[in-house]
Amino acid sequence: MLAVVRRIPPGRVATYGCIAELAGRPGAARAVGNIMSEGGRPAVPAHRVIAAGGRLGGYGGHEQLKRSLLLAEGVTFRGARVHPFRALEWTGPSRRLSR
DNA sequence: AACATGACTGTCG
DNA sequence: TCGACAGCCATGT
């Protein structure tokens with residue numbers, strides 16, 4: 001799972017559910033978020049992991065920082081939601097739109 | 001092994 | 001569009 005998060009390309013965002021699916025555990029979005037909260041690996045760009053619908057989701061109480069990090073990656077935000085979420089939504093490495 | 005918790009998701013109002 | 005309720009998964013006690 002954490003490996004999947006690491007596969008998220010820069011400037012792109014992935015939802016917990018998407019990561020769970022890529023990890024082979026569809027519906028385990030909560031589990032993904034839970035693992036992230038544990039912070040098992042610092043090399044995992046957790047700031048690229050957002051909730052469904054382009055929502056910020058959570059960041060251990062530092063969602064503002066998360067927004068800034070994404071903003072630095074080129075992700076535009078619309079209040080508490082990404083604007084071109086549909087275009088920035090990374091659904092997996094098999095997506096020819098990415099890469 | 002079982003119960004409780006949590007960075008989630010989808011549907012109803 | 002926003003708020004509340006129920007469902008599902010992994011980890012920790």
Side-chain angles (χ1 to χ4, degrees):
Chain A
M1 294 188 183
L2 287 172
V4 179
V5 182
R6 285 175 71 182
R7 287 167 87 154
I8 304 174
R12 224 64 133 221
V13 292
T15 65
Y16 294 98
C18 185
I19 293 163
E21 191 177 341
L22 293 171
R25 235 89 248 175
R30 297 185 84 157
V32 175
N34 195 9
I35 294 168
M36 301 298 250
S37 61
E38 296 277 323
R41 287 192 78 104
V44 179
H47 63 272
R48 286 181 199 155
V49 184
I50 61 173
R55 290 177 297 189
L56 246 307
Y59 202 66
H62 294 276
E63 34 204 282
Q64 198 173 51
L65 173 64
K66 186 177 180 178
R67 180 170 45 177
S68 301
L69 289 166
L70 288 171
L71 214 52
E73 298 239 334
V75 180
T76 49
F77 269 82
R78 214 337 193 137
R81 283 194 208 139
V82 297
H83 175 234
F85 175 58
R86 208 166 151 176
L88 297 169
E89 222 287 21
W90 181 70
T91 54
S94 302
R95 208 74 173 186
R96 57 263 187 207
L97 273 178
S98 47
R99 199 168 70 107

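Chain naming here is simple, since letters A, B, ... match the order of the sequence lines and numbering starts at 1 in each. Remember, it's a predicted structure, so these values are computed and weren't measured experimentally. In what follows, every heavy atom counts, from backbone to side chain, and hydrogens, waters and symmetry copies are set aside.
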Give every pair of a protein N or O atom and an N or O atom of nucleotides 1-3 of chain C that lie under 3.5 Å apart, one pair per line with the distance.
{"unit_1": "C:dC2", "atom_1": "OP2", "unit_2": "A:Arg81", "atom_2": "NH2", "d": "2.8"}

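- Take A:Thr76 and apply the side-chain contact (heavy atoms from CB on, under 4.5 Å) test, not counting sequence neighbours, and it matches A:His83, A:Pro84.
- Looking at residues 58-75 of chain A, you'll see A:Gly58, A:Tyr59 sit with a heavy atom under 4.0 Å from some atom of DNA chain B.
- Contact annotation: the side chain of A:Leu88 never approaches that of A:Leu70 to less than 4.5 Å [non-hydrogen atoms, C-beta and beyond].
- Across all their heavy atoms, A:Ala51 and A:Gly57 have their closest contact at CB-CA, 3.8 Å.
- Pairs engaging residues 43-67 of chain A under the salt bridge (Lys or Arg N to Asp or Glu O under 4.0 Å) rule: A:Arg48-A:Glu73 [sequence neighbours left out].
- Nearest heavy atoms, A:Val75 versus A:Phe77: O-CD1, 3.6 Å.
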Give each protein N/O atom lying under 3.5 Å from an N/O atom of nucleotides 9-13 of chain B, with the pair distance.
{"unit_1": "B:dT9", "atom_1": "OP1", "unit_2": "A:Ala52", "atom_2": "N", "d": "2.7"}
{"unit_1": "B:dT9", "atom_1": "OP2", "unit_2": "A:Ala52", "atom_2": "N", "d": "2.9"}

Pair up each side-chain donor or acceptor in residues 13-24 of chain A with any protein partner under 3.5 Å, not counting sequence neighbours, and list the distances.
{"unit_1": "A:Thr15", "atom_1": "OG1", "unit_2": "A:Cys18", "atom_2": "N", "d": "3.1"}

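- Look at CD1 on A:Ile35: it is 13 Å from P on B:dC8, rounded to the nearest Å.
- Counting only residues at least two apart or in different chains, salt bridge (Lys or Arg N to Asp or Glu O under 4.0 Å) contacts with residues 78-91 of chain A are absent.
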Restricting both atoms to N or O, compile the protein contacts to nucleotides 1-6 of chain B shorter than 3.5 Å, with distance only.
{"unit_1": "B:dG6", "atom_1": "N2", "unit_2": "A:Arg30", "atom_2": "O", "d": "3.2"}

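- A:Ile50 is not connected to A:Ile8 by any chain of hydrophobic side-chain contacts under 4.5 Å among Ile, Leu, Val, Met, Phe, Trp and Tyr, and they are in different clusters.
- By the side-chain contact (heavy atoms from CB on, under 4.5 Å) test, A:Ala46 is found to be paired with A:Met36, A:Tyr59, residues two or more places apart in sequence or in another chain being considered.
- There is a path of hydrophobic side-chain contacts, each under 4.5 Å, that joins A:Leu71 to A:Leu56.
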